[in-house]
Each structure stands twice: as structure tokens, then as C-alpha cells.
Amino acid sequence: MQDIALSLLLFTPLLVAFVVLFLPSTAATAFRYLTLAVNFLQVIILLIILRAYDPALALQFVEQQPWITLDLGSWGVLKAEYFLGLDGLSLPLVILSVFVMLIATISSWKIAKNVKGYFALLLILNAAIIGSFTALDFLLFYLFFEFMLLPMFFLIALWGGPKREYASIKFFLYTLLGSIFILIVMIGLYTSVHDPSVTGKLVHSFNVLHMSNATNFISNSILDPNNVWQIGWYTARQWGFLLLFVGFAIKLPMVPFHTWLPDAHVEAPTPISVILAALLLKIGGYGLLRIAFPIFPDSAVYFGWFVGLMGVISILYGGLNAMASKDLKRLIAYSSVSHMGFVLLGVASLTSEGVAGSVYQMFSHGIISAMLFLLAGVIYDRTGNRMIGNYSGLSTKMPGFTVFVLVAFFASMGLPGFSGFIAEIMVFLGAFKSNSINGPLHESLAIVATLGLLIGATYYLWTLQRMFFGPYNLKGNLSGAHMPDVNQREYSMLLPLAFVALFFGIYPQPMITIIDPFAKHFAEFVLSAGKSLMLNP
Amino acid sequence: MTDLKEKLELIGMSLSFFIPELVLTSGILLVVFLGLIKREKDSLLTLVSILIFASSFLSIALNWEAYATPNRLFGGLVRSDDFSAYLKLLFDIAAILSAIMTWRKTNNQLHLSEYYALMMAIVLGAHILVMSTNLIMVFVSLELISISSYMLAGFSFSKRGAEGSLKYFVFGSVASAIMLYGFTLLYGFTGTLDFSSVEFVQQLLGKNSIAFFIAALMAIAGFLYKIAAAPMHPWSPDVYEAAPMPVIAFLSVVPKLAGVGILTKFILAINSFGQSTVDWQFLLCLISILSLTIGNFAALWQKNPKRLMAYSSIAQSGFLLVGIASFQQQGVHFMLFYASIYLLMNFLVFSYLQYFESFGLTTLASFSGAGRKFPWASILVLVGFVALTGLPPTAGFTAKLFVFTSLWEAYQVTGKEILLWLLIFGLINTVVSLFYYLRIPYYAFIKSGESSEKANNLTVENFIGLTIVLCLLLLFFNPGLLMGWINKINFVL
Amino acid sequence: MEDIQSYEATYFTTCLVAAVALPLISFFLSFAISEKYSWIVSFSAPFLLLLSTVAAGFVFYAVWNHEPVNIQWHWFTCAGYTFTAGVLLNNIAALMLLLVTFISFIVHSYSTAYMAGDPDFRQYFAMLGFFTFSMLGIVVVDNLLLIFIFWELVGFSSYMLIGHWREKPEAAEAAKRAFLINRAGDIGFLIGLMILWANTGSFNLTDIDSLSGYSSWMTAASLCVFCGVMGKSAQFPLFSWLPDAMEGPTPVSALIHAATMVAAGIFLLARVYSLFTPPALDVVIIIGTLTALAGALSALVQFDLKKILAYSTISQLGLMVVAIGAGAPQAAMLHLFTHAFFKACLFLGAGSVIHSLHQAQHQSNTALDVQDIRNLGGLQKKLPFTFIIFLLSGAALAGVPLFTGFLSKDAILNSLMAWKGSDLSWRWLIFASAFLVSFITVLYTFRLIWSVFKGEEKVTASLSIEEPPVAMRVPMAILAATSCWLFVSWNPFDFSGWIYNGLTSVKHFHFTFIALVSAAWIVVALIVAYRIRERSFKSAVLLNGFYLDRVYRWLIESPAFQLALFTNKVDKKWIDGVLHTSAYLQLIAAHVTGWFDRVLVDGAVDGAAGLTKGIGSFARSFQSGKIQLYIFWAVFTIIIFIIWTLL
Amino acid sequence: MIASYVFYLFEAVAAISAISLIFIRNVFYGALLLIICLLALAGIFVLAFAEFIAVTQILVYAGGILVVILFGIMLTTKISGKPLVVEHNNKFSATLTGVTFFALLIYALSKESFINTPSVASQENFNNLQLIGIGLMSDFVLPFEIAGVLLLIALVGASVVASSVKSKNT
Amino acid sequence: MFPTEHFLYLGALLFSSGLIVVIVKKNMIMVLLGIELMLNASNLNLVAFNQLHPGSVAGQMFALFVIIVAVCEAAVGLAIIIQVYRYYQTSVPDEVSELNG
């Protein structure tokens, strides 16, 4: 079980996806239940994994099989592996994925149009997401990374809102552009990295762990740390870092590469925006933590201030935009931009608090944003309209709904007692401390970033005031729309999310024990390695 | 007169390496003859020609070793080696596939016997072109390909078909005249017609003369016209639009690959192992950037699938050139890999375009809702387009990865900025290409057309398509299957 | 021996946990109970609070004048530092614990009658319980991070309670403002935490107490923490939310915005006093003085019954802060203690006035603003009980001798006396202004009571008004009783009673003449107040609390919102514009190549696509279909290549 | 001595006819000019010891291609007394390319120097005809055969293309 | 014998004028003539260069094949032109431009 757990997690959805493809498209309910079954199966596997997982160890559930081994004659051997593993970074995200995917399936229950295609794509997406969170081979990671695009594209473009085509194309364009940047660096990396385990012949390895070790670089290759290969203003390594950074920042998304997000969210159907916000954005952060920073520690230290700055800018800019947006989903989308800014800030701090904070933030934002989008979906289901201005005084008609909205909003604005607070406070502590342990960030960044909390509170409270308080009425063409309170199905999605957000806000220890070793190691490694490498040339 | 005897014996011996070509030649005669005696039996002709192509394929594949060992034939006019042998295999496969496509054509192909005769002539020309090491051979075989293609392009026997073949003819003859002029000058400078010979290279070693550059450039221009790479590309969209679908599929693969093959040999010769004072690498990079740009960007506007594919093939030749531009053994190998994948992707897409055409889907807009009507076909063709774009998990991605790897290596060796630019540029172009490659699937799946009844899924196209798709996936997950073989090829000038 | 101790320990712990947790239980209970059994809440909530008060009493008994108790539980470990959840109970905390539970219990039981028939009855009690819980959290916990957490939570519950009547837009607005202003302060607090973390790597109060020496970061940290205090306990310039908060139900005002939450700031200052460096303390005292004066003056001119009390609260809080700044946290705590009782009592009294008037209105449906003192007057006959309550607690507020207020104020004045030093300096100004504040206090208290209960009835004459029910009167009576001086110390002129001595270890300085002077001062003030009773002061500035709201709106809100709109425009116009500029390029290219209509018809999926199409159209413009031009272009390009290489 | 006059005469004729072909507007005259040019070239070939090529030139071109071309003219123009006039277009681009290209070639070639060692005598004692004959059968048999195939294909194809019935147009 | 350059210059002239003819003429037959001219330029070069290598006839051989190919091209070209003429009733290249874009 130990050694195939991840593969099971990964391939069950794929298999079922094919089953779904070959079933007659009339069996709509069958698809739903199949997908649900897959999700539950994944939950079970995950529980087994959690039972066996030992936070003390670095990398576990490793599956390493040779995948592509190609003799390139004079250039040595190209070696890509089927290399999966779990550590303090990937496990929280895997937990998140499994959980959110389950929620997403439940919330897709009402999908009526071309059910077969929908659930097939959903399952493929599921596999791709799990894969990209567990892959430790760059090629494998890239495979899953790209593999998410098409299903997402079609899910938005086929089941989306009125402007779905524009939104989907935009999404696709942006993400593909990012992945191209990543591809460039990937080519450079695997050509300049060799596998130390094989002696005698030159083996170009895609193994991320090998790439993260400066000694594995072939001497005088372009990306060799001991070799200054100047291209324009920066060295090749710095360019490589920047390209990776931009590639993942687009996914994150970071200002100014974020404009695909609001459109995609606004147009996507509810379950898809849930997945988009809760999982896809995390892959950006994951990539930074797994690939960009460890592989280019020197450049990471060199550009750390810049990363942090962009994080702060995203926090404030996203918040301000959220304040100005009239569409509920758009507001939430921008708030996501703002919250993912914290991830950047925490990572850039290179302190273990900061890093732990940003991983924690990824997890908690996953939960909370999922909840937010579900809530927006609840309204949208009722009226088919998301304009904040069209509602007021909903609290009188939908008390239960209002309670959830209150929970979600306050959780999202970082009220203590919810997971968001723990994450943000740790990010702040780390970012502020960074300078004192000669990390890359200056205190002022952390101080400026705190304004984000105020802005967040502002737009959420304002929305509450506009939509839920005051006398009840519906403006626009919705007047007289029937507004029933949340129903069973919606409860079954919202309650668990709320509970999780609350639990990890009050008692973060379980998650922290998983994250902390990774964060500690990461911060120390990147900082020390970066410093030492920067001294070298 | 004794040496004459030896020569004749040598020629007799060389014939044993010429079985595929002989098969094709006799095939031409046979087909023409069949055409004379019975006109109606189209399927018979198809069968016969498929058999001929297949036998030419088998005669190479079965005793691969014999063909793999380098061998100067006919007094050094041609050399049969594994590089050319591999390309020959690709030509034959392409010919077989297009014959199948022809057989699947709903409206029967007129003058089928001549049609196949021309096709065989092209394959024959391609075979000899990639083998030839002598400028005369290059010229003659190239002309054989060209002249046959001019006529084949017009085989839709329609107004547009005539126009297409006219344009092809005029452009082609000018291009070959330019190339020929270049050849003559090269002959003048080196005093030999054998561009693989030592003296040819020696004469050029460190030759710093503009005349030489002009000559070589003119020669290369001729090859570029065959490859349909910028700046010699403008004929291809018009020709492709007019020609029947199998012919396009055929022309977009065979002459192109033949041209790439000979260009590889030729450019390495004139580059004279990097001793040349002219930076041919730079030139190739420039050409491939041009082709990528023109092909991709111009394709964005097309409303007609054929034209779209024409521009796409221009861009694809840009990618093929990338492999050569690295000027390294491995780069050539990757180019061969790319060529093989390109063949598969191209035929996948074209066979489906023909399939859709038979249902009257001739403009992009008319594909609306095709996803509902032909679910299988649409999904499979989607994979084809994804492969052309170069996204995982298709071999298209692997091929791009490989060629760009060779580029990176070249950059690492030479440190020429242009190579880096080509790398970035080519990859960015991938994003651009996405726009038009995904347009047919976009219409097919996302635009909703009039919902008509589902078409039959059990068609030959779907069978072939599925096979090709499986190949593409397989070659992504295990490129070693093909690469292992290609890597054995050692490319010698 | 051990087992006895351990037994005591467990017993103690259970009491503590009970005291803190019971309000939380009441919160959950009130939520859990379904609509139609809501009457249960009106019994369960006060009962649970009573229990918690009793438990608090035990804890108090165990802690008061004993060694401080510090129990820590492991919360989570991160970055090699163990964040503990612990309690630190010394005299201050114990006193506060008792105070909060007690007053909360009083208010609970008062509310059962006051809020009867309210549609959101259960939610009201739930939030009340939740508030009490989080307030107790602030009181007992032993590290600043946890304090911050509960600090935010009380902010949240105050938000919920101010906005209790959701249909009232003003309520929602006031709630939002209150929360945001608090958040602004809390951000300062947060930054303080960061500084602390970066420098000491610990949040524990005990570690803070052990800090020694004045380093600049301590000043910075303490001032940042003080920002939080300014927000929470309504110091200048962040006090404008408190008067607005009066939109909430009156008992809430009594509990949160008079007795406990706003006092939390003072408590915090006393708790982390050792963090404050002399320069920081100077800032603190100046802010405090300003607040005290501003509050007092504004209270003088208000017409709204509750607003007067709110402003008076502000000024009293200012006084406490002054005491802290003067280096006498014990004095501040003493005043906090006394003030909590009499101010709560005053609010409850005001509540009873409002309640009975509302009842009266409902019988004879006349509409008038029952909180506007201009409509009130001469209610003494109709509401004698309430009048007594007002009189007693008002006297305490005004600092009339023999009342608790007198003593606590005396303590503050004493500390100032000692602090100002012998030689003349700006500190004398502070000292003087403290006297001035106590003078004005008398004036507005007198004016309040007089205008409500004395004089002849105005609009209310027609109404038939009777006293509120017992459930409201008893709590008021209890609170009123506590404004007797004995409650603080046996000697009506010496504040150093059991509480004061319990709060400070230093030998207390006591200038008897200050007591006499201030007593006389009060009498003078009373006389003056009587003379000017009919005169009503008019000052728009004071009436609107120095227009702070508007200042915020001009300086912060509208700029922020403009910025937001601007960024939104940036997003649409520029960042997408980078993509969409291409749309223009595309048009140009289209013009150039004469494919205008097709560009528009074709409809670029995106700007970027548009750009590419711009280039594309350019590339395709060579594709004119004229073969000779093809040849021309091809040859021409070759020539360009050649010339390029030539050059 | 005479030979050189003749040579330059031929050169001049070829050059003039080629240039005037650019400006001539009548197809018939154009064809005739081409013939003149080709004949002049044939003369030059003779002087360059390539008699066989010269003969082929005259036979194939003058005799073959030109006749075919004239047929073409007949077929593609309505014969009506007046001479059919050919318009010119893309004059600018044509001159641009043509002249530049010419200039470039002249410039480049003028930089080249070709050793003119072999004397007239050495040329004499070779029999080009024989060499070519043997070459065609031995060294260059392959291109010869290919050329055969080429001719066959051209024949077959051309017949199909030319005879394709008009009714099939779309 | 005559200096090779003089052959080459003439060849260059023929080639360029052929190119001009191809681009300029509004008649496909004329275009064909231009192409022939270009081919002949090459022939001239070949013959000229062959002079430099007595004993080898490679150049002349090449010229021979060029002529053969030229014949085929001319034949095919005319066939195509005639076909086009059938459809378009014109022999002006520019008027044969339905395919574009």
C-alpha cells in the first residue's frame, strides 16, 4: 500500500474517466455517482496515507520508476522518471485537493448539460491536479501542469456563462504562456543537470531534487552556479529564475498577470470556480516552493525583495480592486488575488515562519475561497444574477445563508479563530523578521502589507452592509424572485468547509506538524545555499 | 576501355541497392498501363499502388542493414545511407497513407492512373533526392518532384485547381532556375559537382567571397521552396487550397521532408565543418524565425481549413529547420524524430479534414456543433491539433522538446544569441499557434450548430485516426521506441 | 501535601475553565435552541452567566493577594517556537475577571426583560455570551498573540451587537465603522506584535515583564500596541465610533461600550505596562488628556441621552489613560473598576427610561425620539426608581464625595500630583486639565439628570409611563448599590482601600489635601452647574465630535475608494489594455492592408489575438494571389539577405 | 582573332535580344527574340568547345520548345488580325529586383578570378562528343534514366492536364 | 580562349532580364519565355566553367540535363497554361488570382 498509494490516488480518477467515456451518455446519474465514488475512494486512500505519514521524515510514499531513458549519443542520456512523493509541502495540498474535489462533485450535482463530458473532464482534471502536486520529476510535473489546461478550458468554455469563450481563451492563453516560460527553463535545466547516482556516463536528469543541488550541475553549463553566463542584464540563472517566477506567478496569479482570473471566475460554473480558486491557483505557489526557489536559491535571494514587493502589491492592488468591483464573484476573485499575495510575501521572506505561513495560507485559502464561491453560486442559482447592487437585506429572508456568509467573509478577512488568521499572522511575522536574519525582505514590506487586512475588512463589511443588512428588496429585474434559504445539498457542502476553516484556525497543530519541517528546511536551505552560491562567482 | 567495363560492373552492382527505386519506376509503368487498359477499377489501382509503395517500404525495412551502411553508388552520384533510408521509409509511409486517403475520397478521383503515376514519380524523386550527393542528381530529382507536383496539384480538375497548379508551376520553375544558377556558380568555384566530395569542401574552406555566398544562398533558396519555408513559401497556401485533400497531405510531407533532407546534407557541406566564413547557422535561424512568424501569424486569419493547414505547414517547416540549425549530429536526429511525428500529426488532421469535407464542412464556421455530431472524429482530430500545437501528452510535445533541446545545446556550445532568440521565439510561437490550431475544435465543441443526428463512429478514418493517436501518445510516453532507432543513424556528409 | 495542592490546582483550573467557558456554552446553546423554544434562552443565558460569575468568584478568592498563577498549555509549535495557550492570573486579571463576569451577568438578566419579544432574541444572547467569552479571554490569557486574537473577537462580537437591528441602515453603518476603526487600531497592534517577535521571539507577558532597559524598538512596539488601545478604548482621534455604536441595544452599550470592552484597552496597558518607555508614556498621557477633554466637552453639548453617556465614557477612559501615562496603572485600574459599575448602571438607567417610554409610546402610538433630552423632563414623578438610580450612579460619575467615583478620581489626581514633579513644566498643564475634566464631568452629569428628571414634562406629559419590570430594576439596584464608597475602601477620603493596595505593591503616595481640594472643587462645580442648568451650550464642532467622521471620510475613505476605482480602471484599461492596445494595432494593420471589415467581422477573441492578427494580416497582405508579386517578394527577401550579409 | 570578334558579336546579340525581350510587347516578337538569343548562345557554346550542347540547344530549343510555345500562343489567344499586345505590371518591383540582382552578381563575380590555364591546343585533342556519349552511358546513366522517367511523366501528365475536360470545373 | 568572366557577365544579364520578364509581363507565355532565359543563363555558366576543366564534361553534361528538364518544364507549363486559359479565358497572370489571403 505504501508504495502504490499515490499512484492509486492518481490513477483511479483517470481510469474512471475512461469508463465514463465508454458508457452511454444517457446514464447521467451513473456518472455523478461514479465520480462521487472516486472521490470517496480518494478520501479513504488519503486517510490511509495520513495514518502512515510520519512528519519527521522528509520525503515519503516515494514511487520512483524509470520512465524515459534515451541515449542522446554525444550528449549523454536523457532520463525522466515516474517519480512521486509526499512531503510537508505536497501533503497539505493533496489533502486540500481531495477534499475540495469531493465538494466540487457535490456542487456539480445539478449540472444538466452534457453530463458525460463534464464528469469525464472533471475526473481528468482531478488526476492532473493530484499529479502536479505529487510529481517530483520536472517532466512529469510539466505533463500534469499542461494536462490541466485543456479540461479546464473546456469546462469553462462549455459550461460557463455568457462571456465564457473570451474568458476561457484568455485563461488558456495566459496559462500556456506561463507554461512556455517554464518549458524554456526546463530545457535549460535538464541539459545542464546530471544524475549523480549514475557514474561513468553523463545522465541528464529531470529529477527536481537533483536540480536543487548545486553540485549536480555540469560544470560550465549555462545554468551552472559556478559559471557566470551573462545574458543582457542578468546571468542565465537569474533569467531562469525570473522566467520560472513569471510562469508560476501567472498561475498564482500575481499582479499584473492576474487579469485572466476575474474573467475566468465570473464566467466559470460554480464548481469550476471552486476548483480554480481552491486548487489551480495553488499550483503557482507550489511551483515556486518546489521548483523556482530550491533550484535557483542564489537568484531567489537576489530577487527575494522583488518577489516580496510583488506580493505586497498584489495584496493591496487585489484588495482595492475587490473594493471597486460590483460583481460578487469578481469581488471574490480579486480577494483571491489579494490573498495569494500573502503566499508570495511569505515565501520571499525565507524564514520558516513565513514559508510555513504561506503553505498554510494556500491550504486555508483553498478552503475559504471554495466556500466563498459556493456561496456566490447559491445566490446565482436562485436568481442568475451576481450584481451586489441588486440585493439588500437578504439576512431577513435567508438567515442560514447569512450565517454562512458571515463565517466565510470573516474567515476570509482573517478573523482569529479561522485558518486564515494563523496563516496571515505567520506570514507577517516571518516577513517582518526576514531582515533581522538577513533575509531578503525589509520590514517596511510587512508593515505596508498589513493594510491589506484593513482593505479586506472594508470590502467584505461593505458587501455585507449592502447585500445582507437593511430592508429586504431585490432591485433590477429580480424583484419578486423566490429566495429560499440554503437547502440540504448546500448545507452538506458548506458545513464541512466552515468546520475545517474553524478547526484549523483554532487548533493548527495537526497541519503545522506536517508543514513545519518542510518550511524549516526550505528556509534554511534556500537562504544558506543562496548566500553561498552568490559568493561563488 | 577497361575502366569503362569496371564502371558498368559497378553500376550493375549499385542496382542491387536500387530495388525500391526500381520498384517505383516499374510501378509507374504498371499503373500507367493499367490506366490505359481499364478505367473504372479505381480500387484496383489504389490497391496496386499501395502494394507498390508497401513493397518499396518493405524492401528497405527488411534489409535495413544493407541500406544503413553508407554506399556510394553510380560512381558517386548518389550515396545510400541510413539517413536517406530512414527518410525514404517516411516517404513510403506518407504515400501509403495518402493512397488510403484517396481511396476514402467520396467523389472519385479523375484520371486515377496518372494520379498514382505522378505520386510514384514524386516518391521516386524524393528517394533519389535524399540519396544524391551530386548537383546534377539534386537538380534532376528535384525537378522530377517539382514537375510532377505541378500537375498533381491541379488534379482536382477545377478552376481553382488549374490556378493552383499554374502558380505552383511559375513559382517552382523560377525557384529551380535560381537554384540552378547557384549550382552552376558553385560548380565554377569548386570545379566539382559532387558537393559531398573532399575537393568541394576544400575549395570552400575559408573561402571568403560574396559570390560564393550568393551562389549558396540561391541554391538554398531552391531547397527552401521545396520545404515551403520563408521566404520561398507564398505558393503553398494557394496550392493547398486548390488541391484535393490527399494531394495536400502528400505534398505537405513528402517534398518537404525530401527538401529538408537534402538541405541538411547541403548546408553541412557548404558550412564545411564550421570553417565557412559565412554564418550559415545565423541564416538558418533567421529563416526559421521568419517561417515560424509568417506561418503562425498568417494562419490566425484563415477561414478555410486547407489554407490554415498550409500556413501551419509553413510554421512546421520552421520547427524542422530548428533541428538543423543546431548543426549537430543529435540535432539532425531530433529533426528526423520531429519529421516522423510531423508526418503522423499531419495525416491525422488531413484525413479528418477530408472526412469532414465529405460532410460539407469546408469553412471553420461550418464546423459549429460538429463535436456533437461526430464525437469520436472531433476528439481524435482535437488530439491531432493538440499535438501540432505541441502540448503534452502527445509526441508533438516530445518532438518540440527535442528540437529545442538541440538548440539549447548548440547555444551552450556556440553561445550565439540568435539561437537563444530562436528558442524563445519558437516557444512563444507555440502559444500563437494555439489560437488557430484550437479553432476547429473550438467551433466543433463550443459553438453550437444545428443539432443533427450522430454520424456513424465505425469508420475507417476513426480506425486510422485512433491508431495514429495511440502512436502519438505512445511515442510521448516512450519516445525511446523511435528515438532509439534514430539514434543509431550516424549522419555523415 | 502534593495531592492537596494538585487537588487545589485541579479545582482551581475547573473554576477558571468554567468561568471562561460557560459564556461560550451559553453562546452555543442559544444558537442550538430552535425558534419556538427561544424562551429557554432567557433562563439559560443568565443562569450560565451566574454560574460563571460564581466560578469567577472562587478564582478571585484563590488568586487575590496570592502568587500570580501562570498555567500554560501547548498550542502549536512552529519555526522551533512553541506557541502556548496559557493563563496568567494576577490581581489585576482576577479583579477584571470578576468584574466582567459580574456585570455581564447583570446585563444578561437585565436584557431578558429589555429584549423581550425581539425577533432575534436568541442571536442577541448568543452574541452576548460570545462577547463575554472573548472578553474573558483577553483578561486571563498570558501572551499577547492570544490577547490579540480575543481582542479581534470582541471587536467582531461588538460588530454583531451594534448591528443587531439589521433592518436599521444606521445600525449596519455604525457597526461597520466601529469594526473598521478598531481594525485600523488593531493593525498597529499587529505591527507591535511583529516588532516584539522580531526582537524577542516571544509573546509571553512574563517575558515582557522581564524586559529591562529602554531600547528604541520597545518604544516603537509599545506605541504600536497603544494604537490598538486607541482603537479599542476610543482614544483621540479614534473615538468617533463609540458614539455611533449607541445604535446598538442599550444593555449592549452598558456592557460593551461602557463597562468592559472599551476598558480592555486600559487593562492591556496595565498588563504590558513594563513595555512602555518614558517617551512612549509621554505620548500616552498626552493622548489621554486630549481624549478626556474632548470627550467631556462633547458630552456637554449632546442632546442624545446615550450619546452623552458615550462621550462621558470617552472622557473617563481618557482619564484612565492619563493615569497610565502618569505611571500609575493601579489608579487607572481602580477607576476602571468603579467606572465600570456606575457607568453600566447609568446606561441601564437610560435603558429603563427608553424602555418605559417606548412601552408608553406603543400604548398611545405617538412618535418621538425618546433619546433626545430636549423631549424629556420631569420624569422624576413617573420614574422615581430610575431617578434614584440615576442620582446615585450620576453622583459617582461626577465624583461626589462618599461615592466610588470620587475615590478613584482622587487616586488619579494623586498620581498626577506625584508625576508632575515640583518644578513647573508642561506636565502641570496635564494636571490642570485633569481638574478641568472632573469639573466638566460634574456639569454634564448634572445637566443630564436635571434635563431628564427635573423641570416640567414636555411631550411626555400625555403618556402614561410606568417603571420597568422587576427583571430590569433589580440589576439596576445592585449596580447602584456598588457606587457606595465602602465598596472601594472604608475611608471615604482615602482611595487606598483593599483594591488599590491589591493592585500595587509600591507604598502608595497620598496627598490628603488633594482629596479636600477636589471635594471642594466638586461642590463649586455643582453650584455652577445648578446656576447654568437652564442654559444649553451650542457648538456644532463638539456636537459632531470634532467632525472626526468627516475628517476620516475626506482623508481616508474617499481617497481609498477613489484609489480603488482607479485601480479598477487600471485593470480594465491598462493591464488588459496591454493586451487590447493590440486591438488598435490590429485596426491600423487592417487599414494598411485593407482587411478592415474582416478584422471586425472575424472579431478578435482577445487583444493579444488581435495583435497577432495585426501581424498576421500584415504577413498575409503579401498573399495577394498575384503570383508575380510572390516571386518578387521571394527574390526581394533573398536580395535583402545578401545585402545584409554584405554590410 | 576573328574568333574573338565573333564571340563578342554573339555576346552582344544575346545581350541585346535578352534586354529587348524585357521591353517588347508582342508575344510573337518575344518568341522570335528568344530564338535569336538562343541561337547566339549556341554560337557562344561552339566557341567554348561545347559543340554538342550547341547542337542540342539549336535542335531542342529552336526546334522544339519554340514551336511548342508558338502553339501555346495560338491556343491561348484569339487570333484576330491585330497583333496581341502584352501589358506590363509591377514595373517598379521588377526593375528593383532585376537591377539590384544584376548589380550584385556583377559586383560579386568581378571579385572572382578564374584561372584560364588550359590553352586552345589542350582543348583540341579531346573529343567532347565521345566523352559525353560514354558519360551518358556510364557515369551519368542514373540522371539519364531519371530524365527518361521525367520525360515520361511530363508526357503523361501534360496530356492529362491539357486534355482535362472543361465540364469538370466547379 | 575567352575570359570566363565575359561568359559570366552575360549569364548574369540573361538571368536578371529573365527575372524581370517573369515579374513584369502580363502574359503567361512571356513568363515562360523569361524562365527559359533564366535557365539558359545557367547553361552559359556551366559551359563556361567546363572550359576550366578539360577532360571532364561534367559541366556540359549538366547543361544537357538542364536542357532536357527545360523541355519538360515547357511542355508541362504550356499544358497548365492552356488548362488555365480554358477556365479563365485569359492568359494574364494577375487575373488568375481567385486564391488569395
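First the proteins, then the strands, lettered A, B, ... as listed; each starts at 1. Keep in mind it's a predicted model, so treat the numbers as computed, not measured.
For D/Y107, the OH atom counts as loosely surrounded, since its 6.0 Å shell holds 12 or fewer non-hydrogen atoms of other residues, nucleotides or ligands. The environment of CZ in D/F144 is sparse: at most 12 heavy-atom neighbours from other residues, nucleotides or ligands sit within 6.0 Å.
For a heavy-atom cut-off of 4.5 Å, chain D lies close to C/V635, C/F636, C/I639, C/I642, C/I643 in residues 634-644 of chain C.
Applying the side-chain hydrogen bond (donor to acceptor under 3.5 Å, both in side chains) test to C/S202 and every residue at least two apart in sequence or in another chain returns C/D207. In terms of the salt bridge (charged side-chain N to carboxylate O under 4.0 Å, His left out) criterion, D/E51 has no residue partners (sequence neighbours excluded). Under the rule for a side chain to side chain contact (heavy atoms under 4.5 Å, CB included), the partners of D/I19 that lie at least two apart in sequence or sit in another chain are D/F23, E/L13.
Residues D/T97 and C/I631 form no side-chain contact, since every pair of their non-hydrogen atoms from C-beta on lies 4.5 Å or further apart.
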